[in-house]
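Data block below; observations after.
Small disclaimer: the values here were computed from a predicted structure and weren't measured. Every chain is numbered from 1, with letters handed out A, B, ... down the list of sequences. Because only heavy atoms are used, hydrogens play no part in the values below, and waters and symmetry mates are left out as well, while side chains stay in.
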Amino acid sequence: MSDNRTVLLIKKKFSSFWKTFRQNKTGLIGLGILVLFALMAIIGPYLISYNAASVEEISTILNPPDSEHWLGTDDLGKDVLAGLVRGSRISLLVGITSTIISMLIGAVIGISSGYYGGTIDAILMRLTDVFLVIPWLPLMLVLTAILGANLLNVILVIGITSWASTARIIRSQTLSIKERPFIERARAIGSSNFHIMFSHILPNVFPLIFANTILVTAIAILSETTLSFLGMGDPTRVSWGMMLHFAFEAGATIIGAWWWIIPPGLAVVSVVLGFTFVGNALDEVLNPRLRRRER
Amino acid sequence: MSILEVESLTTYYKLRKGMVKACENISFSLEKGEGLGLVGESGCGKTTAALSLIRLLPENGEIMGGSININGRDIAGYTEEEMRQIRMKEISIIFQGAMNALNPVRTVGTQIVEAIKVHYNHLSDKECWERTGDLFEKVEIDRERVRDYPHEFSGGMRQRVMIAMALSCDPFVVIGDEPTTGLDVMVQAQVLQLLEDLRKEQGLGLLLISHDLACVGETCDKIVVMYAGHIVEYAPTDILFKQPLHPYTKSLMKAIPSIGQKRELIPPIPGSPPDLINPPAGCRFFARCPEAVAECERKKPVLVSVTEDHHCACLLVDSKVSDTSG
Amino acid sequence: MDDRNILEVKNLEVHFEARSGFLNNLLSREVPRIRAVDGVNFNLKKGEILSLAGESGCGKTTTGKAILRLVEPTGGKVYFRGQDLSLLTQKELREFRQQAQIIFQDPYESLNPRQTVFATVAEPLEVNRICDNTKEKEERVARALSDAGLKNPRDYFIRYPHELSGGQRQRIAIASALVLKPKFIVADEPVTMLDLSIRSGILKLMMELRDNKQISYLFITHDLSLAWLISDRIAVMYSGNIVEIGGAEQIIGSPAHPYTKALVSVIPNPERSSGTDRKLLEGEIPDPSSPPRGCKFHPRCSYAQPCCREERPLLREVEKDRFVSCHLV
Amino acid sequence: MNNRKYLLKKFMQAMITIFIVLIFNYFLFRVMPGDPIRVLIRNPRISVDALAEIRAQFGLDLPWYTQFIYYLKDLLHGNLGSSFYYREPVLNIIMERVPATLILVGTGTIISIFLGIIIGVVVAWKRGTKIDIIGLGICLILYSTPAFWFGILMVMFFAVYLRVFPTGLMSLPGVAYSSLLDQFMTSLRHLFLPVLTFTLIYIGGYAIIMRNSVIEVLNEDYIITARAKGISYIQLLKRHAVPNALLPLVSMVAINLGFVIAGAIQVETVFSWPGLGRLMYTALLNRDYPLLQGLFLFLTTCVVGANFCADILYSYLDPRVKLS
């Protein structure tokens with residue numbers, strides 16, 4: 001009976017969510033883009049080979065697109081399309097994992113700061129302010145330079161530098177939820193602080209966290225790209241940013257090797273746009289605040 | 001001639017699900033210096049009616065038909081530009097919940113001066129501020145306080161500011177959209193008293209929108225009772241209270257605790273108001289009506305005069321009327 | 001302690017320190033104290049409904065919450081069935097909370113929008129670890145819902161608050177209080193947000209619960225006519241104090257305190273021709289962080305005497321079970 | 001709370017932030033993997049004695065708190081240490097590069113905020129129409145574009161393909177100018193592409209914030225009150241919607257300074273613009289830690305200072321803040 005009820009509930013929740021989300025055109029476009037890139041990251045690498053040209057095949061270096069190499073080749077004779085496909089794995093991996101780290105920190109700090117208030121709030125918010133005002137790219141660059149540029153460090157660095165705005169948003173949401181009578185009711189029936197935070201505050205900030213996660217993923221992917229472009233990426237795991245770094249360093253700009261520059265950048269823009277679309281749509285569906293007033 | 005005459009006003013809201021028939025066939029009239037109460041529960045269309053009069057409906061709201069005569073001119077077909085000319089000058093509105101009804105980052109004085117300037121552009125800045133100060137005295141606020149910000153006033157005081165603003169360009173008709181909701185009883189009584197005094201002093205036509213029948217009964221000369229987008233009864237206050245005809249009005253009356261009489265809880269009206277996207281074909285009160293007969297489900301009642309100024313929309317009353325007259 | 005009383009409140013005080021941060025404390029020394037509740041005394045008999053009436057900011061809600069220790073009192077004592085509530089251990093406090101519940105004003109806000117009806121009503125049982133058996137829990141939730149006047153309670157289990165009407169929501173809130181089988185309920189303006197036509201249903205329900213389950217109520221309201229309608233006794237509060245307390249009919253029929261007189265006179269009464277015999281008070285309620293000396297009501301009182309400006313009046317019994325705090329009565 | 005107290009509070013908060021950054025900055029550069037001296041010397045065959053001597057010379061043999069106090073003392077005297085790579089005091093190097101960055105970031109930010117506001121208001125005004133959809137779409141695309149990549153595209157199109165603008169640098173090295181006007185025109189030509197890139201990248205963000213802010217304000221009750229006064233739509237925007245919508249933008253601009261610096265680093269790198277951003281990039285490549293540390297501290301102080309200014313501005317614009 002109670003399991004049955006849970007299934008019913010999930011079905012009911014999802015169908016009502018999907019009904020509203022479906023009406024959001026940009027959200028659907030974003031979702032489409034993301035599904036496409038996800039497929040590319042998951043099965044793409046099995047379809048296209050990615051090898052440097054051997055010394056004899058010098059003619060395959062820096063070729064513009066042709067029937068064999070749809071997106072041309074780079075200065076080592078590697079297929080740009082293949083690089084793009086492999087890069088999607090790294091870029092998405094870094095974007096998503098670092099966002100998870102960032103959201104965990106942001107949610108814990110935001111909720112506890114908002115819920116407990118007082119000194120805890122003061123200290124946590126000072127810390128948040130510090131992270132908010134420290135210029136974000138220099139901090140990431142310096143941290144990666146010191147810790148060493150490898151994939152794990154890049155993920156960690158993006159994760160621990162990007163939680164501040166999330167914490168702020170979640171804190172203010174927590175503050176407003178805390179003042180609502182159902183929290184007082186929960187206290188009146190004898191709930192513990194932990195219970196209140198877990199079963200009343202969290203479910204109510206969750207939609208915000210969720211929508212924000214998607215939006216932060218977009219920023220995390222942009223961060224990774226920028227970091228890599230500036231030479232602070234993992235040189236052994238070539239992401240889209242790293243491709244652009246190599247291209248820039250090899251003078252692709254001056255040579256006019258547009259096929260090497262445009263595809264990775266376009267991929268970044270599309271994925272970031274996809275996440276932003278979906279994030280905004282979720283924000284509108286789950287947190288109806290910007291929706292126009294009807295009646 | 002009435003200063004405000006509304007004739008079969010109909011306003012709908014467009015929603016994805018369909019048209020919300022928020023307000024249909026609303027007709028009433030208001031004389032100079034008269035107070036008219038528009039009463040009903042939440043969602044009955046009373047605010048929609050008010051916003052239609054001054055044409056400040058939300059974007060999805062549309063006046064579908066009817067006429068609105070102010071001083072003999074029908075403004076229902078006015079363009080936005082024409083409406084601008086008469087808002088505040090001929091018809092003005094006092095909103096509920098005055099905190100957000102005033103711009104928080106400008107002094108209350110500037111906000112009133114702004115209104116005066118639109119309609120009296122021959123006045124100098126100094127004269128405008130003078131006038132604002134006078135208005136403040138009229139609503140019993142210290143005239144020095146024109147330079148204060150909204151958050152520096154208490155709820156009752158802000159409502160007085162709103163009244164001062166509504167009177168700033170000497171309109172004929174003032175609409176009060178729940179002007180005392182959310183205020184304390186004592187402050188509410190003060191504000192209502194003020195409105196009543198101003199109405200009588202200046203010969204304003206006051207349209208008071210409220211959910212509180214008792215309040216309206218105390219301050220208005222005539223009352224319109226609305227239910228689910230329709231007028232169910234329309235009569236002078238004393239007649240309405242002495243002899244309510246519509247079953248809905250009767251149950252509303254009974255729900256007011258009448259002090260001095262026997263303490264007893266009357267049974268609640270069962271059910272809830274109908275969905276206004278697909279309203280019932282017959283009487284909209286049918287499902288909750290204690291006196292309903294089978295015919296009520298199919299036949300839509302129309303507002304008919306029972307006596308000269310007592311109107312009611314109920315088949316039962318209708319048949320009684322036709323019985324006696326026939 | 002009189003054992004006919006379920007609750008005795010003696011000199012209850014709640015003073016808040018005006019909220020300020022660490023830096024503010026560093027920058028300014030004086031911390032303003034807001035005297036929300038400033039010495040409140042009353043008893044509540046078993047099965048009685050006592051209304052606490054007054055304007056917003058008079059401290060009526062804070063009094064209700066301080067009794068349940070949802071707000072910590074800064075002074076005075078509250079005895080519940082003879083037990084001093086300020087001495088309760090955490091465990092005893094939990095037990096107390098099962099016997100004493102609260103219903104809030106706004107049924108749109110007092111239910112967690114993301115909890116189903118079942119989760120809301122079952123929560124008190126889970127939090128207090130009252131029954132672990134799923135079947136029994138469902139049984140109790142269903143019973144509480146039907147006690148709250150909802151037919152076919154199981155149909156409500158997986159519905160969310162936004163799918164229900166205002167009256168239904170308030171019944172859910174009542175059910176979630178009833179599920180613990182309380183003996184005392186603080187009802188904080190339970191019908192204020194509801195339409196007139198629904199109100200009497202909720203009020204009737206509360207009366208029935210009093211009769212069938214011997215629940216005592218502290219009914220907090222700003223509406224004196226409502227207080228008159230449903231309560232046995234009424235206490236009128238002004239600026240943190242009770243100014244008058246007595247039987248409902250007497251308070252409304254022959255108010256003694258000038259403030260009560262004024263409040264009674266402004267109860268809307270459509271039978272009365274407009275404006276006559278209304279005693280409108282000038283000004284507004286005093287700032288609770290710096291109340292006037294002497295009687296707190298004296299600046300607005302038309303009968304004020306020199307002594308009213310100096311000495312704060314105490315609540316005195318003027319006739320049987322009728323207490324007034326005014327020098328002139 | 002009165003105005004002075006409010007400002008004092010904000011000032012204290014800014015000071016605390018800077019202090020935390022200082023501590024952070026100090027320790028950050030001391031947890032570097034490996035011995036900082038070895039990194040510094042870059043000579044694996046240096047003798048133990050020589051190492052100890054250098055250690056003493058840099059005060060690294062002292063306890064950490066003494067070192068920290070020395071560090072603070074040096075800071076107060078404007079001594080940020082000296083760069084490994086340039087062999088010059090860090091502060092001098094930074095100060096030399098400030099004007100170039102100021103010109104780029106200053107013009108870019110002012111233009112992008114100005115245009116962003118205008119676009120945001122227009123798009124919000126026409127919300128729901130084609131103008132809104134197209135405008136918002138372009139803004140979102142610009143917002144999603146990495147600044148450096150956009151810069152590269154600009155270079156490839158305007159400088160390499162069309163050859164109408166130089167590929168980079170602030171001026172041509174070793175060229176004598178015939179006149180002051182000539183020099184000015186050359187500088188302008190060099191400035192054009194970087195500023196254009198910078199502006200376009202940030203317009204999107206500002207326009208989106210402004211649009212959302214205006215739409216939110218347009219839904220407020222006081223907008224209906226204003227309409228009930230009979231003022232025209234233009235007046236409504238001018239007097240109520242836009243001024244109130246600008247409030248959140250003030251704090252956003254300050255917070256966004258971090259992003260602006262990020263943009264400066266990328267654009268300067270792509271265009272070889274001799275400013276702080278490019279300096280940071282080269283310092284990174286050379287692992288020039290004292291310079292990095294100095295730059296980091298300098299940039300952070302700038303952002304904290306800007307935020308403080310925004311707080312002051314805000315307190316004048318919104319009378320409510322002093323109350324809370």
Side-chain angles (χ1 to χ4, degrees), chain B residues 47 50-51 53-60 78 80-108 110-121 147-152 158 161-162 165-166 168-169 171 174-175 177, chain D residues 1-3 6 123-129 131-132 210-211 213-252 310-324:
Chain B
T47 296
L51 292 178
L53 296 186
I54 193 162
R55 296 267 296 282
L56 288 175
L57 289 165
E59 278 168 48
N60 61 341
Y78 269 26
E80 178 65 19
E81 182 57 32
E82 285 169 319
M83 266 324 281
R84 285 210 304 106
Q85 304 295 331
I86 64 162
R87 282 185 196 137
M88 219 72 169
K89 187 91 179 49
E90 300 187 14
I91 181 168
S92 68
I93 186 163
I94 307 162
F95 290 107
Q96 64 171 316
M99 185 65 204
N100 278 329
L102 290 165
N103 189 335
V105 300
R106 314 182 107 219
T107 62
V108 291
T110 6
Q111 298 186 54
I112 295 179
V113 167
E114 181 181 71
I116 300 173
K117 282 234 145 145
V118 175
H119 299 287
Y120 297 102
N121 44 20
R147 310 221 171 254
D148 285 355
Y149 288 96
H151 67 262
E152 294 168 293
R158 274 200 297 272
V161 172
M162 290 304 289
M165 185 186 288
S168 63
C169 301
V174 175
I175 305 169
D177 185 6
Chain D
M1 204 186 322
N2 60 29
N3 209 11
Y6 172 80
V123 168
W125 182 8
K126 303 272 179 195
R127 69 188 178 285
T129 65
I131 297 176
D132 179 29
M210 193 63 195
R211 172 187 182 268
S213 184
V214 169
I215 288 178
E216 210 159 297
V217 170
L218 283 176
N219 274 334
E220 295 280 355
D221 289 344
Y222 56 78
I223 294 295
I224 303 181
T225 309
R227 283 181 59 204
K229 292 177 200 168
I231 67 173
S232 63
Y233 202 77
I234 295 288
Q235 287 286 325
L236 184 76
L237 282 177
K238 216 170 88 184
R239 304 179 70 117
H240 295 276
V242 175
N244 288 41
L246 277 175
L247 289 173
L249 199 74
V250 171
S251 37
M252 278 314 291
D311 282 335
I312 297 177
L313 184 63
Y314 203 99
S315 77
Y316 281 105
L317 295 177
D318 190 341
R320 286 169 300 176
V321 293
K322 289 167 221 153
L323 207 77
S324 56

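Of the two parts of Ile93(B), only the side chain, counted from C-beta on, holds a non-hydrogen atom closer than 4.5 Å to a non-hydrogen atom of chain D. The part of Leu317(D) that comes within reach of chain B is its backbone (N, CA, C, O), which places non-hydrogen atoms under 4.5 angstrom from that chain.
With respect to chain D, the highest number of heavy-atom pairs below 4.5 Å among Met83(B), Gln85(B), Arg106(B) belongs to Arg106(B). With chain D as the partner, the residue from Arg87(B), Arg84(B), Met88(B) showing the most heavy-atom pairs under 4.5 Å is Arg84(B).
Counting all heavy atoms, side chain and backbone alike, Gly230(D) lies closest to Val118(B) at O-CG1, 3.5 Å. In terms of heavy-atom proximity, Asn100(B) sits nearest to Asp221(D) at O-CB, 3.2 Å.
Side-chain contact between His240(D) and Glu114(B): present, with at least one pair of heavy atoms (C-beta onward) separated by less than 4.5 Å. Side chains of Thr225(D) and Met165(B) form a contact here, defined as non-hydrogen atoms less than 4.5 Å apart. Using a 4.5 Å heavy-atom threshold, the side chains of Ile224(D) and Phe95(B) count as touching.
Note that the CD atom of Glu81(B) and the OG atom of Ser232(D) stand 7.5 Å from one another [nearest 0.5 Å].
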